[in-house]
Amino acid sequence: MKKPLRLIPRSLFGRMLAIAALSTGLALLFAGITIGNVLERFVMGGLDERLDAQVAVLARAVRPDATLDRTRAVDLPEFGVPGSDWSWQVEGPAGRVDSGTTRPLPPITPPITPPAPKPAPPIDATAPARLPDPEGPPRPPGPGGSDDHALHAGDTRDRGGQRLHSRTLDVATPRGTVTITAIGPRRIVEEPLREAMIPLLGSLALLGVGLALATLLQLRFGLRPLRDLRTSLAAVRAGTERHVPDDQPGELQPLVTELNALIDQNAAGLAHARQHVANLAHGLKTPLAALSLKLAEANADNNVRDMVDQIDRRVRHHLGRARADATGGARTRTPIAPAVDDLVAVLRRIHADRPMALDIAIPAELAVAIDPQDLDEMIGNLLDNAWRHARSTLAISAAATDGVVTLEVADDGEGLDDTAMAQAMLPGRRLDERGDGHGFGLSITRELAELNGGTVTLDRSAALGGLLVRLALPQRR
């Protein structure tokens with residue numbers, strides 16, 4: 001079954017990076033659109049001024065009878081050139097007049113109809129139309145001009161698909177409204193705008209890259225205390241440190257205080273529990289020893305004596321657990337190689353009837369953060385089991401990776417299948433009834449390893465073909 005796609009990253013780094021990338025992208029997009037609009041308005045203002053100047057010239061040439069005085073209808077540069085995209089047209093009650101261009105003028109987008117002008121007083125029809133001039137010569141219509149509110153923009157395309165831009169002014173005369181339109185090509189706006197937008201977009205892209213690098217640097221630097229906190233907690237778990245350092249940023253200080261309080265509380269509770277277990281185990285050892293002597297004197301049945309021996313091993317097991325420090329407090333630095341050498345020497349004497357070839361590869365400087373007695377009990381159980389079930393060869397090796405020491409004990413025996421491996425870790429479970437074992441070796445080793453922050457796993461040895469036991473423990477440098 002496929003896992004559902006997560007839209008929100010699980011890590012703080014991923015979440016903050018996603019938020020920064022989204023906000024930066026939106027900001028750059030907004031900046032690009034805003035600057036582009038400003039540039040377009042600026043360039044379009046230049047085109048509108050040229051069109052408005054032509055409209056102003058034509059407006060002054062309109063007579064009161066709605067006709068156009070061609071002597072005053074001067075064509076500004078570029079207007080009226082045959083075949084060009086610059087043109088004008090005047091349309092009113094007297095008919096339609098254009099700039100004389102050979103290219104037919106396309107229909108213009110109809111402008112918004114302005115409010116109806118107030119009736120003008122009678123004017124001599126023979127006199128030319130005059131615009132109000134209270135303060136001197138009239139300003140030409142256009143941005144900021146007196147007739148700015150009366151001018152309307154429009155857009156269309158010519159027969160070849162070229163985009164055109166127009167400015168339109170309605171002039172009121174006694175005979176009716178005369179509509180004056182000046183038309184120019186939009187390419188004179190689009191080309192400069194395109195030339196300006198290319199470097200602008202390039203600059204925004206470089207700015208985005210710079211902001212991305214700055215964000216990555218900020219996140220790496222800002223989240224460093226969290227990585228340091230993880231390292232400190234690993235040191236506490238490994239036993240090299242007792243507490244997490246208090247010198248932390250203000251946001252992490254309350255968390256560190258609670259962690260250290262929890263460590264102290266667990267240490268105190270564990271010490272209290274260990275003391276109770278140790279007292280109970282020591283209290284049982286004396287009666288068990290006396291019972292064992294009584295049974296020996298009475299020549300009791302071997303099964304009964306075997307049951308007493310199992311109880312004694314249980315007591316020793318809980319004594320070993322009482323010695324373990326589950327909080328990862330300060331532990332002894334215990335080298336592995338000397339412990340293995342001593343145990344091998346003892347097992348050679350115990351199993352003198354089963355000579356064994358040993359291949360030992362353990363660096364001399366390798367050490368673990370484990371009590372020496374716990375380490376001896378764990379390795380002793382593993383070696384004793386391997387010695388019992390091996391045919392002729394044992395391989396013992398150890399190596400350190402990422403602060404964890406892994407000890408491997410392999411034999412050339414028959415090995416175990418997956419089901420048997422799971423059952424072998426259960427307390428009191430014996431898979432082989434031969435010999436005098438009681439089935440507690442692997443379970444004791446596993447519990448001691450877990451209490452010391454380690455693990456025990458079973459596998460099949462690829463080199464020898466028998467059982468391979470891996471004991472992983474925290475390294476102590």
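Residues take their numbers from the sequence shown, with the count starting at 1.
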[X] [atom1] to [Y] [atom2] distance, which is reported to the nearest 0.5 Å:
{"X": "L51", "Y": "L47", "atom1": "CG", "atom2": "CG", "answer": "4.5 Å"}
{"X": "I379", "Y": "D342", "atom1": "CD1", "atom2": "CG", "answer": "10.5 Å"}
{"X": "L169", "Y": "Q54", "atom1": "CG", "atom2": "CD", "answer": "12.5 Å"}
{"X": "R391", "Y": "E414", "atom1": "CZ", "atom2": "CD", "answer": "6.0 Å"}
{"X": "D246", "Y": "Q253", "atom1": "CG", "atom2": "CD", "answer": "5.5 Å"}
{"X": "M378", "Y": "D374", "atom1": "CE", "atom2": "CG", "answer": "5.5 Å"}

Short N-O contact, E40 and R186, less than 4.0 angstrom: yes
Less than 4.5 Å apart, side chain to side chain, heavy atoms only: is that true for [X] and [Y]?
{"X": "L200", "Y": "M197", "result": "yes"}
{"X": "D459", "Y": "R470", "result": "yes"}
{"X": "I188", "Y": "R50", "result": "yes"}
{"X": "L207", "Y": "L28", "result": "yes"}
{"X": "D359", "Y": "T393", "result": "no"}
{"X": "E377", "Y": "L448", "result": "yes"}
{"X": "T401", "Y": "T406", "result": "no"}

Trace of the side-chain contact (heavy atoms from CB on, under 4.5 Å) decision for H243 with V256: CA-CA 9 Å; H243 291 105; V256 171; over 6 Å; no
Is the backbone N or O of [Y] less than 3.5 Å from a side-chain atom of [X], with the two atoms forming a donor-acceptor pair by type?
{"X": "R460", "Y": "G465", "value": "yes"}
{"X": "W387", "Y": "R354", "value": "yes"}
{"X": "D376", "Y": "A339", "value": "no"}
{"X": "S166", "Y": "T181", "value": "no"}

Crowding at CG, D418 (>12 non-hydrogen neighbours, <6.0 Å): no
Other residues, nucleotides, ligands: >12 heavy atoms within 6.0 Å of D247 CG: no
S461 versus D411, side-chain donor and acceptor atoms under 3.5 Å: no
Mind listing the closest non-hydrogen atom pair of [X] and [Y] along with its distance?
{"X": "I263", "Y": "R242", "answer": "CG2-O, 3.8 Å"}
{"X": "Q475", "Y": "A400", "answer": "OE1-CB, 3.6 Å"}
{"X": "V404", "Y": "A472", "answer": "CG1-CB, 3.9 Å"}
{"X": "L464", "Y": "A410", "answer": "CD1-O, 3.7 Å"}
{"X": "D48", "Y": "R167", "answer": "OD1-CD, 3.5 Å"}

Identified side chain to side chain contact (heavy atoms under 4.5 Å, CB included) counterpart of N37 within the set I33, L39, T34: I33
Pairs where residues 208-219 contributes a residue and the test side chain to side chain donor-acceptor pair (under 3.5 Å) is met, not counting sequence neighbours: none
May I have the list of side-chain donor-acceptor pairs in residues 223-236 shorter than 3.5 Å, sequence neighbours left out?
{"unit_1": "R227", "atom_1": "NH2", "unit_2": "R220", "atom_2": "O", "d": "2.8"}
{"unit_1": "T231", "atom_1": "OG1", "unit_2": "R227", "atom_2": "O", "d": "3.1"}
{"unit_1": "S232", "atom_1": "OG", "unit_2": "D228", "atom_2": "O", "d": "3.0"}

Residues forming a side-chain hydrogen bond (donor to acceptor under 3.5 Å, both in side chains) with R163, sequence neighbours excluded: E190
Working for side-chain contact (heavy atoms from CB on, under 4.5 Å), residues N385 and V409: CA-CA 10 Å; N385 284 340; V409 178; over 6 Å; no
